[in-house]
S.K.: 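Below is one structure. I have some questions about it.
Treat the numbers as computed from the prediction; the structure is a model and nothing was measured. Sequential numbering from 1 along the given sequence is applied to the chain's residues.
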Amino acid sequence: MESEGWSALQPLLCFAWIAATLPIIAAALPIPTAVGGHLLRRLLSAFSSRGKTVRPSPASSSGSSSSKAKFTVPQKYFMHFYVVGVLATTILLLAIWFYAYMKLTPLLLESSSYSTIFSHLVGSNSFSFGRVRSRTMGHKYRVWRTVFALLLMEVQVLRRLYETEHVFHYSPSARMHIVGYLTGLFYYVAAPLSLASSCIPEAAEYFQGQVPEFVVKGRARMPDLVIDSSSLLQPLLKLGWTQWIGAVIFIWGSLHQIRCHAIHGSLREHKDSDEYVIPCGDCFNRVSCPHYLAELVIYFGMLVASGAEDIPVWFLFIFVITNLSFAAVETYNWYLQKFEDYPRSRYAIIPFVC
């Protein structure tokens with residue numbers, strides 16, 4: 001694809017997030033049954049069901065069990081999401097980090113004294129120079145902010161990959177709908193693309209320019225690549241306070257989610273058992289899905305760390321809110337049906353809200 005073609009990436013990502021979000025919002029609205037509201041909710045519940053919410057009941061007839069299992073895949077395929085997420089995020093992170101290192105280092109321009117001397121020399125053009133300098137600095141910060149946000153995303157998908165293998169014990173009968181599976185694969189490609197969408201066109205143009213140069217000059221005539229670790233990391237340390245606030249929010253959400261996942265993983269001592277119990281401890285005493293709440297906090301941290309300037313990142317965050325809220329309500333309703341003694345004082349995902 002030519003570099004100009006990447007300019008359509010952001011509109012395409014926005015369209016994809018809107019297309020994925022609108023059905024969830026529509027299913028949550030009180031649409032009358034006569035115009036398909038009930039059917040929409042049933043379809044979305046079926047597509048998003050996984051694990052305990054899709055597992056057939058032992059009392060179900062064989063026909064009913066077969067119907068529930070149709071168009072589903074094992075829930076342990078969750079690992080595929082994070083494998084795809086790690087691959088997509090790592091490729092984007094390395095590409096944009098390398099581009100930023102080669103073309104946008106150092107992050108800070110020369111000492112202000114040189115700028116002052118230059119301003120005196122050019123006279124009336126000093127204001128114009130100041131604007132150019134401001135735009136250059138803003139562009140550098142934007143690219144390095146993207147590297148920072150992708151680093152957070154990399155930490156997230158690597159941790160989730162580890163937890164899927166070593167923390168969660170999926171029941172052999174736990175399954176998820178194929179539509180939910182495909183949505184998950186889409187999500188873990190589109191999420192890092194959204195975080196990097198503003199920088200991908202220029203990074204792609206840079207690499208496309210390197211390929212012909214390599215072909216013409218050959219490897220022997222290309223300059224040796226020397227990586228200075230300090231220049232590789234210093235720009236990240238010189239980013240604004242917004243990035244570090246986002247990182248703190250991200251870390252808090254991650255630590256909280258680790259705790260919630262540890263509680264979830266301990267509920268089934270025997271990996272082959274279908275037995276399920278009411279989770280307790282941490283924020284499970286207040287909401288049914290505190291791990292989803294922690295996920296909202298994690299992606300809010302990424303939004304803040306990214307600078308919150310790119311529309312696709314906002315649509316990504318809106319999708320995370322609607323998707324996890326819908327899933328939390330479905331889980332909460334399942335708890336109420338499954339356990340007569342389930343605490344009705346618990347909320348689904350956000351205390352005092354939902």
Side-chain angles (χ1 to χ4, degrees), residues 17 20-31 37 40-55 75 78 81-82 156 160 163-164 167-168 170-171 174-177 179-181 183-184 187-188 191 249-250 252-268 276-303 315-339 341-354:
W17 289 125
T21 303
L22 284 181
I24 303 175
I25 295 176
L29 296 175
I31 300 176
L40 177 61
R41 283 187 287 273
R42 284 187 59 187
L43 284 175
L44 195 61
S45 295
F47 293 159
S48 63
S49 60
R50 58 180 181 265
K52 52 185 173 290
T53 60
V54 77
R55 187 182 302 153
Q75 194 183 10
F78 251 76
F81 300 162
Y82 308 121
Q156 170 71 359
R160 294 303 303 273
E163 288 178 334
T164 303
V167 176
F168 292 113
Y170 295 117
S171 166
R175 305 186 69 81
M176 60 179 163
H177 200 279
V179 173
Y181 174 72
T183 301
Y187 176 86
Y188 281 100
I249 296 172
F250 173 87
W252 186 90
S254 298
L255 293 175
H256 184 58
Q257 192 175 64
I258 289 171
R259 171 63 178 158
C260 294
H261 285 168
I263 293 174
H264 251 159
S266 66
L267 294 180
R268 187 180 295 109
Y276 201 87
V277 298
I278 299 175
C280 297
D282 199 71
C283 282
F284 279 106
N285 297 330
R286 295 186 179 88
V287 296
S288 298
C289 300
H291 50 307
Y292 290 167
L293 176 59
E295 189 101 346
L296 297 183
V297 174
I298 287 169
Y299 280 93
F300 178 68
M302 288 190 201
L303 174 67
F315 280 123
L316 160 64
F317 184 57
I318 292 171
F319 172 78
V320 170
I321 294 174
T322 55
N323 180 53
L324 293 182
S325 297
F326 184 87
V329 170
E330 290 291 300
T331 301
Y332 174 73
N333 291 333
W334 181 87
Y335 279 131
L336 292 178
Q337 295 174 3
K338 176 72 174 179
F339 303 103
D341 59 340
Y342 188 76
R344 294 181 177 272
S345 60
R346 292 186 185 182
Y347 289 84
I349 183 170
I350 302 176
F352 311 109
V353 177
C354 172

S.K.: How many angstroms lie between atom SG of Cys260 and atom CG of Leu255, to the nearest 0.5 angstrom?
M.R.: 11.0 Å
S.K.: So among Thr21, Leu296, Ile350, which one has a side-chain contact (heavy atoms from CB on, under 4.5 Å) with Ile321?
M.R.: Leu296
S.K.: Is any side-chain heavy atom of Phe326 closer than 4.5 Å to one of Ile25?
M.R.: no
S.K.: Can you list the steps and then say if Ile278 with Tyr342 is a side chain to side chain contact (heavy atoms under 4.5 Å, CB included)?
M.R.: CA-CA 7 Å; Ile278 299 175; Tyr342 188 76; 3.8 Å; yes
S.K.: Output the distance between atom NE2 (His291) and atom CG (Leu293), rounded to the nearest 0.5 Å.
M.R.: 10.5 Å
S.K.: Evaluate side-chain hydrogen bond (donor to acceptor under 3.5 Å, both in side chains) for Thr331 paired with Tyr292, printing each intermediate quantity in order.
M.R.: CA-CA 11 Å; Thr331 301; Tyr292 290 167; 4.7 Å; no
S.K.: To the nearest 0.5 Å, how far apart are CZ in Arg160 and CD in Gln156?
M.R.: 6.0 Å
S.K.: Of all the heavy-atom pairs spanning Ala348 and Val287, show the shortest one and how long it is.
M.R.: O-CB, 4.1 Å
S.K.: With ring-ring contact (aromatic ring centres under 6.0 Å, His included) as the test, pick out the partner of Tyr347 among Tyr332, Phe352, Phe284.
M.R.: Phe352
S.K.: So which heavy atom on Cys283 is nearest to which on Pro290, and how close?
M.R.: CB-CB, 3.6 Å
S.K.: Once ring-ring contact (aromatic ring centres under 6.0 Å, His included) is applied, do any residues pair with Phe250, and if so which ones, sequence neighbours excluded?
M.R.: none
S.K.: For the atom pair OH (Tyr335) and CZ (Arg346), what is the distance rounded to the nearest 0.5 Å?
M.R.: 8.0 Å
S.K.: So, for Gly253 and Val297, which heavy atoms are closest and what is the spacing to 0.1 Å?
M.R.: CA-CG1, 3.8 Å
S.K.: How long is the straight-line distance from CH2 of Trp334 back to OG of Ser288, given to the nearest 0.5 Å?
M.R.: 11.0 Å
S.K.: Just say parallel, tilted or perpendicular for the rings of Tyr82 and Phe78, cut-offs at 30° and 60°.
M.R.: tilted
S.K.: Mind listing the closest non-hydrogen atom pair of Cys354 and Val329 along with its distance?
M.R.: SG-CG2, 3.9 Å
S.K.: Quick check on Phe300: does its CZ atom have over 12 non-hydrogen neighbours (other residues, nucleotides or ligands) under 6.0 Å away?
M.R.: no
S.K.: Return the minimal non-hydrogen interatomic distance between Ile263 and Pro279, and the atom names on each side.
M.R.: CG2-CB, 4.5 Å
S.K.: Rounded to the nearest 0.5 Å, what's the gap from CD1 on Ile298 to CG on Leu303? Could you check?
M.R.: 14.0 Å
S.K.: Looking only at non-hydrogen atoms, find the nearest pair between Phe81 and Tyr181 and report the distance.
M.R.: CE2-O, 3.1 Å
S.K.: Has the side chain of Gln75 got a donor or acceptor atom that lies under 3.5 Å from a matching backbone atom of Met176?
M.R.: no
